[in-house]
Amino acid sequence: MFGDSIFAAMSVLLFTIIVLLGAFVAGLVGSLTGLGGGVIIIPLLTLVLGVDIHYAIGASIISVIATSSGSAAAYVKEGITNIRIGMFLEIATTISAIIGAVVTVYINPSYIAIIFGLILLFSAAMMIRKKIDHSDNDTSGRLAVFLKLNGTYPTENGMQNYAVHNVIGGFLMMFVAGIISGLLGIGSGALKVIAMDNIMRIPFKVSTTTSNFMMGVTAAASAIVYLHRGQIDPGIAMPVALGVLTGATVGSKILVKTKTDKLKIIFAVVVAFLALQMIYNGLTGRL
Amino acid sequence: MSKEKNFFADRDIQVILGTLLRVGVIASMTVVFIGGLVYLAFNHSEMVNYSHFDSVKAGFSTVSDIFIGLGHLKGSAIIQFGVLLLIFTPIMRVVFSIFSFLIERDYLYVLIGAFVLCVILFSLSNKLVG
């Protein structure tokens, strides 16, 4: 966006401070919008600071683990994570995340930037779209019964039963989500929502927390591959992880108090702009 | 009735798990923070160069390297140790989930959980990166 010449010579101290502040904002926005910090920190590192996208991916995945594990404790209080759904789908996401993390260095960084931009655009669209709860209690799916995926969750009117549909479809979609997560170092929450809400028709309350449960495990699987390859550089990972986690924690506190509908539209525009920048820089070969 | 009972048993385990996760995140981030201070104290005036990814020049990219660096109290090794703790946090969650399925005698899910754990451990074995 600004070219990397301005920031070509930067001291460790200055770099740390800038990334720390940027990561804080990324964590804050990521938490308010539900997009996650990763999708915002990667454009920041690559477009603004001229960091190689492979380093940005490595740092981002660390922030994904931190935020998802950190917020899990809060989700647990609501007590609606379906560990069986999570564990079963993790078969797909861990394998595919590792595949994604292994192949990512063999792909031209320009293509990665373009894929990233497209996923970012898709996430922005998903963010402002009206969510429709497709859940019901038709427990006729044989695979869901065999895998004991159907469950209950507490509501104001007592326990509510729900049924899981199209297990194979959801599993395949999760495989795609895992590949994207491994390739780009993001949680790919938007794709997980498609798999759980739209394909498997799990109620929101359950899908949100279960997706969060899976995100940490999936990210850990690909993080190990990144670590071994040297993509997790301590000088970047440190300010990114600390900044994003702090931002996300502050964001979750604000979230309880404010209505975010209007905020979401503003952020969607910002995110779409970042996405187009990534695609443009990818197409012109500048990333 | 037994389903409700299961829900609450699950819930207890989840509360413990949630606490464990939070402790894991706080502990690892504290280590990263301390490592960051050490790193900044000794390296603050160096110039950064992250414009091209080079897997050869990467330091502290294996568990053993990180522990060797820790012995020398290197800031970047301390940060990487914190990162390692963070990576193990959700993995511990899988391990505990397997135990909770074992207690519930749900052997199908013990198997599924063990499989997921094996996938992650295979990745940890460092055979995937040439």
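The chains referred to below are lettered A, B, ... by the order of the sequence lines, with proteins before strands, and numbering in each begins at 1.
In this view, B/Phe67 and B/Phe81 satisfy the ring-ring contact (aromatic ring centres under 6.0 Å, His included) rule, not counting sequence neighbours.
The only member of B/Asn43, B/Val48, B/Leu40 that meets side-chain contact (heavy atoms from CB on, under 4.5 Å) when paired with A/Thr16 is B/Leu40.
A pairwise comparison of heavy atoms in A/Met87 and B/Ser97 identifies CE-CB, 3.3 Å as the closest pair. In terms of heavy atoms, B/Pro90 sits closest to A/Ala220 at CG-CB, 3.8 Å. Minimum heavy-atom separation, A/Tyr55 to B/Asp54: OH-N, 3.6 Å.
When each of A/Leu45, A/Ile95, A/Thr93 is scored by its heavy-atom pairs under 4.5 Å with chain B, the top score falls to A/Ile95. No other option in A/Asp52, A/Val51, A/Ile62 has as many heavy-atom pairs under 4.5 Å with chain B as A/Asp52.
For a residue to count as touching a neighbouring chain, one of its non-hydrogen atoms must lie under 4.5 Å from one of that chain's; by this rule B/Leu108 touches chain A with the side chain only. Contacts of B/Ile26 with chain A are absent, with no heavy-atom separation under 4.5 Å from either backbone or side chain. At a 4.5 Å heavy-atom cutoff, the contact between B/Phe33 and chain A is made by backbone and side-chain atoms alike.
Side-chain atoms of B/Tyr109 and A/Leu147, non-hydrogen and from C-beta on, do get closer than 4.5 Å to each other. Annotation: side chain of B/Phe53 is not in contact with side chain of A/Ile53 (no heavy-atom distance under 4.5 Å). You'll find the side chain of B/Asp106 reaches within 4.5 Å of the side chain of A/Arg84, heavy atoms only. Proximity of A/Leu227 to B/Phe60: side-chain heavy atoms (C-beta onward) are nowhere separated by under 4.5 Å.
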task = Go through B/Phe122 and A/Ile224 one step at a time and tell me if the side-chain contact (heavy atoms from CB on, under 4.5 Å) criterion holds.
result = CA-CA 10 Å; B/Phe122 175 69; A/Ile224 294 168; over 6 Å; no
Enumerate donor-acceptor pairs with a distance under 3.5 Å from any side-chain N or O in residues 230-245 of chain A to protein atoms, sequence neighbours excluded.
unit_1	atom_1	unit_2	atom_2	d
A/Gln231	OE1	A/Arg229	NH1	2.5
A/Gln231	NE2	A/His54	O	2.9
A/Asp233	OD1	A/Gly235	N	2.9
A/Asp233	OD1	B/Tyr50	OH	2.9

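Using a 4.0 Å cut-off between charged nitrogen and carboxylate oxygen, B/Arg93 and A/Glu90 do not count as a salt-bridge pair.
Between the side chain of B/Ser123 and the backbone N or O of A/Ala221, at least one donor-acceptor pair lies under 3.5 Å.
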